[in-house]
2 protein chains.
Amino acid sequence: MHSSAEENYLKAIYKLQEANGEMVATSALAQVLGIHMASVTDMLKKMSNKKLVAYQKSKGFKLTEKGRLAAISIIRKHRLWEVFLVDKLRFRWDEVHEIAEQLEHIHSQELIDKLDAYLDFPKADPHGDPIPDAKGIFAINKSVLLASLAPGSQGKFTGVTDHSSAFLNYLDKIGLSLGDSVKVKEVEEFDKNYTLLLKGKKSVVVSFKVANSLLISE
Amino acid sequence: MHSSAEENYLKAIYKLQEANGEMVATSALAQVLGIHMASVTDMLKKMSNKKLVAYQKSKGFKLTEKGRLAAISIIRKHRLWEVFLVDKLRFRWDEVHEIAEQLEHIHSQELIDKLDAYLDFPKADPHGDPIPDAKGIFAINKSVLLASLAPGSQGKFTGVTDHSSAFLNYLDKIGLSLGDSVKVKEVEEFDKNYTLLLKGKKSVVVSFKVANSLLISE
DNA sequence: AATAAAAATTAGGCAAGCCTAATATTACTG
DNA sequence: CAGTAATATTAGGCTTGCCTAATTTTTATT
């Protein structure tokens, strides 16, 4: 079994690879984990010996298949626990991340399988992030960033890329919830502000920063 | 916040004090934690500095009030998680201990309070062990060991002192469940075997070892 | 290409928690 | 009460996962 530290590395590398392509840099990892580069070098040497990551000198490193499967398993746990916290324990969607960060490190295959069944095999967590099944397969997610849409396009709001409390609370405040239909009414050239039409009625203006953190499907 | 290691010490010391009176010996703790005495000495020095335990040289040590409260909080978490695993996730009562050993170290007061409410404020875990409330108060438990009862006495089976899978499976096998009424029909002088009458009908013969692990109330 | 800046690694250290071996203390027993 | 056994403690070490400081390698800039 892997240590919590290793699991956090695996998860972070997985997410960096997803976001920025194949190879991941020591510095990028150090930044997202909030630790120093020397420590990352250290750890990656160990994880490389365990065949969880593969080096390519002066190109960075990436997960091996073994590492990828381990990472997905952790992500699965994290997201299932988030569903539990919101659906069953009635936490708000902006409160669950830190607790799930702890729960994801509980080691028990049977626990996570039973939790999955208890939650009725959810396909996405409270932030719209897809939950891989027991075999590590994601129900395909073809969402795009709202910021990539042209005026006139519309779709369904199905996820966020910023999981901070501040951002999630802002969405609550402007009345935007997962599943809502969203239409891009106008994009202001000058400041890149987006004017959106929510659920076919309310209109709100959001910054590029916000538009770039919203995932739209369909 | 305390480390998992510290929490395990706190819990173990609490249980030893409960079982054997005031002072706890280094050797006893080393034995139940499965680590060496020198390590225990080490750790207790640190925990003593943190005012979690109080030394009395050559008499052993015991929990301070601060330590006692911390221990009870961990026990509360452990037992609530056990209820969750059995009542909600449908684990068997002999499967939950190891998983709860991990879950008990999750740090979030809000989580445990919401879990408590979700489970409808249970007073005992699946093994009959009392669950302290949020203030650390136990609903009083006046159970006695079945092995201390004279022939003819009867009561309700409300708990166990042995939480091993082997023992719990044995109870399942002989058909003894929490809440059942039990009458001591006979105690054999020679080998200390107990003949019990379960639920007023079935009669079973159990060893002293078993009788000494069953808690009877009422 | 020379130089500066950025990225990565190496070397040496530290705290937590464990270990073994050696020593000291306390308790038990004849 | 001496001698042994049981208990405890000290001393020195190890691994994990982090740190700082120094150095090397790579990349970017002129």
Side-chain angles (χ1 to χ4, degrees), chain A residues 1-13 16-17 19-63 67 70-71 74 101-102 104-107, chain B residues 1-13 16-17 19-63 67 70-71 74 101-102 104-107:
Chain A
M1 208 65 327
H2 307 122
S3 70
S4 290
E6 274 174 342
E7 293 189 344
N8 287 336
Y9 275 81
L10 288 168
K11 199 174 43 151
I13 296 168
L16 283 171
Q17 280 191 218
N20 314 325
E22 276 295 88
M23 305 308 275
V24 173
T26 306
S27 51
L29 198 43
Q31 205 226 307
V32 306
L33 289 173
I35 61 185
H36 285 236
M37 270 182 21
S39 310
V40 172
T41 301
D42 246 38
M43 183 58 126
L44 286 177
K45 216 177 294 175
K46 292 170 193 165
M47 291 176 68
S48 199
N49 291 336
K50 293 187 183 178
K51 308 288 182 211
L52 292 170
V53 298
Y55 266 90
Q56 241 168 7
K57 43 188 161 192
S58 76
K59 276 199 174 179
F61 43 85
K62 60 175 185 177
L63 294 176
I74 299 152
E101 289 280 306
Q102 296 181 62
E104 72 189 8
H105 300 300
I106 303 291
H107 294 299
Chain B
M1 208 66 325
H2 307 121
S3 68
S4 290
E6 274 175 344
E7 292 188 346
N8 288 334
Y9 274 82
L10 288 168
K11 200 174 42 151
I13 297 168
L16 282 171
Q17 279 191 220
N20 316 323
E22 276 297 89
M23 305 309 273
V24 173
T26 305
S27 50
L29 198 43
Q31 205 227 306
V32 305
L33 289 174
I35 59 185
H36 284 237
M37 271 183 17
S39 310
V40 173
T41 300
D42 246 36
M43 183 59 126
L44 285 176
K45 216 177 292 174
K46 291 170 193 165
M47 290 176 69
S48 200
N49 290 336
K50 293 187 182 177
K51 307 286 183 212
L52 292 170
V53 299
Y55 266 91
Q56 242 167 8
K57 43 185 160 193
S58 74
K59 277 198 174 179
F61 44 84
K62 59 175 186 176
L63 294 175
I74 299 152
E101 290 279 307
Q102 296 181 61
E104 74 190 5
H105 300 300
I106 302 290
H107 293 300

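Here is how names work: the chains are called A, B, and so on, in the same order as the sequence lines, proteins then strands, and each is numbered from 1. In this text the structure is predicted, and so the values were computed from the model without any measurement.
Regarding B/Leu29, its CG atom lies at a distance of 14 Å from the C1' atom of C/dG17, rounded to whole Å. One atom, CD of A/Glu6, and another, C1' of D/dG17, lie 10 Å apart when rounded to the nearest Å. Rounded to whole Å, the distance from NZ on B/Lys59 to P on C/dT26 is 13 Å. Going from atom CG of A/Leu33 over to atom C1' of C/dA8 covers 16 Å, rounded to whole Å. If you measure from atom CD of B/Gln31 to atom P of D/dA6, you get 14 Å, rounded to the nearest angstrom. The nearest whole Å value for the distance from the NZ atom in B/Lys50 to the P atom in C/dA15 is 13 Å. As a whole-Å value, the separation of B/His105 NE2 from C/dG17 P is 12 Å. For A/Leu16 and C/dA7, the CG to P distance is 14 Å, given to the nearest whole Å.
Residue-level contact check: A/Tyr55 touches the backbone only, with heavy atoms under 4.0 Å from sugar-phosphate atoms and none from bases. Residue B/Phe61 is out of contact with every strand shown, counting any heavy-atom pair closer than 4.0 Å.
The side chain to side chain donor-acceptor pair (under 3.5 Å) test applied to A/Gln102 returns no partner, not counting sequence neighbours. Partners of B/His36 according to the side chain to side chain contact (heavy atoms under 4.5 Å, CB included) rule, which considers only residues two or more places apart in sequence or in another chain, are B/Ser39. Partners of A/Lys11 by salt bridge (charged side-chain N to carboxylate O under 4.0 Å, His left out), not counting sequence neighbours, listed by chain and number: A/Glu101, A/Glu104. Here B/His2 pairs with nothing under the side chain to side chain donor-acceptor pair (under 3.5 Å) rule; sequence neighbours left out.
The side chain of B/His36 lies closest to C/dC19, out of D/dG17, C/dC19, C/dA8. Checked against D/dA8, D/dC18, C/dA8, the side chain of B/Ser27 finds its nearest nucleotide in D/dA8.
Put simply, the side chain of B/His105 does not reach to within 4.5 Å of the side chain of A/His105, judged on heavy atoms.
Within residues 37-48 of chain A, the residues approached by DNA chain C to less than 4.0 Å at the level of any non-hydrogen atom are A/Met37, A/Ala38, A/Thr41, A/Lys45, in residue-number order.
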What pairs of donor and acceptor atoms, side-chain ones from residues 40-54 of chain A against any protein atom, are under 3.5 angstrom apart with sequence neighbours left out?
{"unit_1": "A/Thr41", "atom_1": "OG1", "unit_2": "A/Met37", "atom_2": "O", "d": "3.2"}
{"unit_1": "A/Asn49", "atom_1": "ND2", "unit_2": "A/Lys45", "atom_2": "O", "d": "3.4"}
{"unit_1": "A/Lys50", "atom_1": "NZ", "unit_2": "A/Glu6", "atom_2": "OE2", "d": "2.5"}

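When every heavy atom of B/Ala71 is checked against every heavy atom of B/Leu10, the shortest pair comes out as CB-O, 3.7 Å.
Remark: A/Tyr9 is in phosphate contact with D/dC18, judged by side-chain N or O atoms under 4.0 Å from OP1 or OP2.
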